[in-house]
Structure formats: structure tokens, C-alpha cells
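Position 1 is the first residue of the sequence; numbering continues from there. Whatever order the structure lists ligands and atoms in, that order sets their numbers, starting from 1. These numbers come from a predicted model, not from an experiment. What's counted below: heavy atoms across the whole structure, side chains too, no hydrogens, waters or symmetry copies.
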Amino acid sequence: MRILAIETSCDDTCVALVRARERSGRKMPCFLILSNVVSSQTKIHEEYGGVVPSLAKRAHQENLLPVLKEALRKAGMSEVKKPKVDLIAVTYGPGLEPALWTGVNFARALSYWWEIPLLGVDHMEGHIAANFLPQKIDGITNYSPRSREGGAGQLSITKFPAICLAVSGGHTQLILVKDILRYKLLGETVDDAAGEGFDKVARLLGLGFPGGPEIAKAAKGGDPKAFAFPRPMAHSNDYNFSFSGLKTAVLYGVKKKLGIEMNAKINESDLKKISKNLRRDVAASFQQAVVDVLVKKTIRAAKEYNAETIMLAGGVAANQELREQLGAVIKKELPYTVYKIPHTSLATDNAAMIAAAAYFHRDKASLTRYKTLKASGNLKIH
Ligand code: KG4
Ligand code: ZN
């Protein structure tokens with residue numbers, strides 16, 4: 001079956017065409033990405049240091065049609081005729097509601113006009129499903145070198161129950177995946193999401209947006225032990241997280257180094273005083289603190305729930321240190337557990353992952369859904 005998927009939950013306008021080939025006797029099909037177009041709005045939101053919902057909505061409205069056309073063209077389909085697809089899938093939550101509505105309304109119109117069944121997809125389920133998409137994209141296989149060596153085998157098929165660490169700009173969740181489509185939320189952040197932490201610390205250091213890749217780049221060659229930042233809630237008796245205090249600790253650490261009063265604001269001229277070395281050490285120490293907490297809790301959950309597989313999901317899953325360090329600990333402490341990570345290009349928002357999640361819900365797609373489908377900003381995985 002062929003799926004056309006649309007994703008506009010945050011600041012990327014995404015359209016993909018994915019083919020799912022069923023394999024007899026297996027729940028997991030073979031997914032083939034025919035096209036996966038992502039139009040980033042980074043330039044628009046950069047100066048605000050975060051995503052501005054009203055600007056995101058406007059940009060999605062402008063971009064959706066050209067992105068759809070490009071996705072159809074790349075998949076070898078006509079841009080004018082009704083495409084040969086069996087299902088239209090669209091992210092309906094969680095996310096920024098004005099942004100979500102643009103994708104939902106666009107998909108409703110297409111479903112009505114082309115008479116193709118429509119289905120709403122949970123964005124976080126999409127991130128999880130990125131693990132089921134191909135690992136080789138544009139000739140690049142993105143296994144982290146350390147985990148490829150053995151033990152935690154990337155190539156293995158997903159076995160259940162699985163523990164998924166879903167870390168994005170809006171979410172930090174530990175999810176027990178009992179089977180395909182059967183989830184239990186074990187814990188989540190009580191304040192900032194991990195990705196949000198990366199974005200805020202990047203801003204504090206005068207780095208660009210989104211902050212995750214910028215921090216990762218800046219941290220290269222830095223000393224992860226230079227600053228003894230806290231590991232919030234690393235030992236708490238639950239699976240919740242907290243990253244807001246860590247961000248404050250970074251702020252105080254930088255102020256102390258620069259000789260700025262603790263209650264004074266850091267201004268533009270202070271930012272110029274941050275040397276490359278200082279930035280490198282702060283970035284590396286911050287990144288290490290986040291990775292330590294995420295790895296510790298994921299491993300604990302995997303042990304408690306006898307997970308057969310550990311998966312990473314969400315934009316922060318593109319972080320190489322997280323990918324490698326989690327892989328190394330799994331190899332040492334849980335050598336028989338399968339370790340799955342999405343291809344780096346599929347960790348951050350894209351529509352191919354929405355198509356993959358849609359496949360498992362295909363029975364719920366309908367020709368009349370266009371009348372009722374609504375965006376739901378606070379949707380929770382269930
Ligand atoms: O899943 P995603 O693309 O969008 C949301 O659903 O939020 O995640 C975006 C988040 C941003 O906060 C971004 O800074 C973070 O993922 N991110 C990273 C990396 N690449 C993206 N964080 C750490 N390291 C990275 N390499
Ligand atoms: Zn996302």
C-alpha cells in the first residue's frame with residue numbers, strides 16, 4: 001500500500017510518500033521511502049530563539065502546496081493528477097495547534113477532493129515508528145560506530161516489550177511499548193523537554209537555533225567534566241525528568257566564569273566574552289549531564305520491564321553522544337537487548353515517520369474522516 005503523509009506540528013513543513021509492502025506472517029511490513037521532503041523554517045524562527053506559532057502557521061500555509069508537489073515529483077508521480085495512494089495520513093497532535101491545523105485542513109481537503117481515506121496520526125507515535133523505517137538513506141547507513149561492533153545489534157528486528165526514550169523539542173518521555181500500538185507512558189519531564197534544554201543553553205551561549213546540533217558541534221573537543229552540572233532526578237524513584245534546573249545551573253556556571261553578578265542579565269557584550277574554549281567546555285559538560293540522566297533512566301526502565309528492545313526517538317535522538325553512549329551501556333549491561341535508533345535524518349521531524357505509524361492504524365482510515373478530523377495540541381500517547 002502507498003501512503004501520503006503530512007506533518008506540520010512544529011516548524012518543519014513535511015510531506016512524504018511511503019510504500020509499505022506486507023510480509024506474510026509478519027506484523028512488520030517492509031517500508032520503502034519514495035520521497036520525504038522537509039522544508040525547514042529555521043531562518044524564520046532563528047532570531048526569536050524558538051518557534052513562534054503564528055509565524056510557523058503562516059509558513060506552513062505558504063509551503064504545503066510546493067512541498068506536496070516536490071514530494072509527488074520525487075516519488076515519480078504526476079503533480080496534477082490524482083496520485084495512486086491508498087491512504088492520506090496527517091499529524092493531528094501533539095504540537096502547536098495553529099501549525100497542526102494547517103496540515104490537518106490541507107489533508108482534509110485532499111482526502112475530500114481525491115476521495116482517498118484519511119487518518120490522523122499521533123506525532124510521538126510517528127517518532128517511535130521512525131525506528132521501523134529503512135536504515136540506509138541516500139546511500140548513508142547511520143549506525144553509530146560503537147554500537148555496530150556487536151552486542152546491541154542495530155540490524156536485529158524489534159522484539160517486544162520495548163522501552164522507547166522519546167526526546168524532542170516538546171517531549172521527554174519513557175514509553176513502554178508492549179507491542180505494536182500498545183503503549184504505556186512510564187514517565188515524562190516535569191518542566192522543560194530535553195531538546196528545549198539544548199535550545200535554551202545554545203541561546204545562552206550565543207549559538208544558533210535549533211540548539212541541539214549547535215551544542216553537539218560546539219561540544220566537540222570540550223571537556224565533559226569541566227563543569228560539575230547537576231544530573232536532575234537521575235536517582236528519583238520514578239521515570240520522570242527535569243531539565244529546567246540544569247539550564248539554570250549552566251547559566252550560573254557561565255556567569256561565575258565571566259564574573260557577572262548572579263542576578264544580572266547576560267547581554268550581547270557578555271556573550272562576546274565567552275571564549276571558544278569556555279563555550280566548548282560548557283557545551284560538552286551540559287550535553288554529558290543530559291546524556292547521563294537519559295541513559296541512566298532508560299537502562300533502569302529496560303531492566304525493570306525486561307525489555308527485549310531499547311529504542312530512541314525524537315529530534316534529540318540525532319545526538320551522536322546519546323546514540324553512542326546509550327549503545328555502549330546496553331552492550332555492557334544488557335548485551336542481549338536489541339538496540340534500535342532511527343536513521344539520523346529520520347530522528348528529527350519528517351513525514352515518512354508519520355506514514356510508518358499510519359500503516360499500523362490503516363484500518364481506522366475512512367472516506368468520511370475529512371468531515372471530523374481536528375487538531376489536538378495536547379494529545380497524549382495511549
Ligand atoms: O522531534 P523534533 O524535530 O521536533 C519536535 O517534535 O520537537 O525535535 C527537535 C529538537 C530540538 O529541540 C533540537 O534542538 C533537538 O531536537 N535536536 C538535537 C539534535 N538535533 C536536533 N538535540 C541534540 N543533539 C542533536 N544533534
Ligand atoms: Zn517531533
Side-chain angles (χ1 to χ4, degrees), residues 5-14 16 36 38-42 45-46 48-51 53 56 60 91-97 99-100 103 121-131 142 144 164-173 175 188-189 192-205 207-220 222 243 246-247 283-284 286-291 293-295 312-326 341-354 356-357 377-379 381:
I6 296 160
E7 150 66 47
T8 62
S9 68
C10 193
D11 60 338
D12 293 310
T13 313
C14 319
N36 188 24
V38 177
S39 169
S40 162
Q41 301 175 9
T42 302
H45 304 287
E46 210 164 30
Y48 304 96
V51 180
H60 285 312
T91 305
Y92 74 110
L96 305 171
E97 216 156 284
L100 286 164
V121 173
D122 179 318
H123 180 76
M124 296 313 284
E125 233 185 316
H127 274 305
I128 297 172
N131 283 292
N142 256 214
S144 66
C164 181
L165 172 68
V167 266
S168 70
H171 292 82
T172 302
Q173 300 180 324
I175 302 163
E188 61 188 331
T189 184
D192 291 353
E196 198 178 349
F198 272 94
D199 295 335
K200 287 180 175 168
V201 168
R203 200 166 177 207
L204 171 81
L205 293 174
L207 295 167
F209 175 81
E214 295 285 329
I215 294 271
K217 203 159 71 183
K220 288 228 165 78
F243 292 105
L246 175 57
K247 170 198 69 193
F286 164 74
Q287 180 172 254
Q288 192 54 53
V290 175
V291 169
V293 176
L294 295 177
V295 169
L312 273 181
V316 184
N319 186 278
Q320 202 59 25
E321 283 302 320
L322 175 60
R323 293 160 84 91
E324 295 196 0
Q325 292 189 33
L326 181 58
I341 46 178
H343 190 281
T344 322
S345 66
L346 298 174
T348 45
D349 288 352
N350 66 87
M353 68 184 199
I354 301 303
N378 294 322
L379 189 66
I381 203 152

**Request:** Working to the nearest 0.5 Å, report the span between NE2 of His127 and NE2 of His171.
**Result:** 9.0 Å

**Message:** For atom 9 (C) of ligand 1, which of the options Gly169, Ala318, Gly212 provides the nearest non-hydrogen atom?
**Reply:** Gly169

**Request:** Evaluate the side chain to side chain contact (heavy atoms under 4.5 Å, CB included) criterion for residues Leu294 and Leu326: first the C-alpha distance (whole Å), next the side-chain angles of each, then the deciding distance (0.1 Å), finally the verdict.
**Result:** CA-CA 9 Å; Leu294 295 177; Leu326 181 58; over 6 Å; no

**Prompt:** Got the closest protein heavy atom to atom 14 (O) of ligand 1, with its distance?
**Reply:** Asp199 OD1, 2.7 Å

**Prompt:** If only atom types and distance count, is the side chain of Asp199 paired as donor or acceptor with the main-chain N or O of Pro210 below 3.5 Å?
**Reply:** no

**Protein N/O/S atoms closer than 2.8 Å to the Zn ion (ligand 2)** = His123 NE2, His127 NE2, Asp349 OD1

**Request:** Considering non-hydrogen atoms only, spot the tightest contact between Asp349 and Cys10 and give its length.
**Result:** OD2-CB, 3.9 Å

**Item:** Test item, Glu214 contacting ligand 1 (heavy atom, 4.0 angstrom)
**Value:** no

**Proximity of His171 to ligand 1 by residue part, where a heavy atom lies under 4.0 Å** = neither

**Message:** Is the contact between His127 and ligand 1 made by the side chain, the backbone, both, or neither, using heavy atoms and a 4.0 Å cut-off?
**Reply:** side chain

**Asked** Considering only the protein, which heavy-atom contact is closest to atom 21 (C) of ligand 1, and what is its distance?
**Response** Gly315 O, 3.4 Å

**Request:** For the pair Asp122 (side chain) and Pro94 (backbone), establish whether a donor and an acceptor sit closer than 3.5 Å, ignoring hydrogens and angles.
**Result:** no

**Prompt:** Among the heavy atoms of Pro213, does any lie under 4.0 Å from an atom of ligand 1?
**Reply:** yes

**Residue and atom name of the nearest protein heavy atom (relative to atom 2 (P) of ligand 1), distance in Å to one decimal** = Asp349 OD1, 3.3 Å

**Any N or O of Gly195 closer than 3.5 Å to N or O of ligand 1** = yes

**Any donor-acceptor N/O pair, Thr91 side chain to His123 backbone, under 3.5 Å** = no

**Message:** Need the ligand 1 atom indices (1-based, order shown) with element for anything under 4.0 Å from a heavy-atom of Gly170.
**Reply:** 7 (O)

**Asked** At their closest point, which heavy atom of Ala347 faces which heavy atom of Ala318, and how far apart are they?
**Response** CB-N, 3.8 Å

**Request:** Just need the protein heavy atom nearest to atom 24 (N) of ligand 1, so name the residue and atom and give the distance.
**Result:** Asn319 ND2, 3.0 Å

**Item:** Heavy-atom donor-acceptor pair, Glu125 side chain to Ala357 backbone, under 3.5 Å
**Value:** no

**Message:** Between Asp11 and Phe209, is the side chain to side chain contact (heavy atoms under 4.5 Å, CB included) condition met? List the steps.
**Reply:** CA-CA 12 Å; Asp11 60 338; Phe209 175 81; 4.0 Å; yes

**Request:** Please write down residue, atom name and distance for the protein heavy atom closest to atom 6 (O) of ligand 1.
**Result:** His123 NE2, 3.1 Å

**Request:** Return the minimal non-hydrogen interatomic distance between Ser168 and Ala193, and the atom names on each side.
**Result:** O-CB, 3.6 Å

**Item:** Thr348 and ligand 1 - part of the residue with a heavy-atom distance under 4.0 Å
**Value:** both

**Prompt:** Given Phe198 and Asn319, is the side chain to side chain contact (heavy atoms under 4.5 Å, CB included) satisfied, shown in steps?
**Reply:** CA-CA 11 Å; Phe198 272 94; Asn319 186 278; 3.9 Å; yes

**Prompt:** Are Glu7 and Ser9 linked by a side-chain donor-acceptor pair shorter than 3.5 Å?
**Reply:** yes

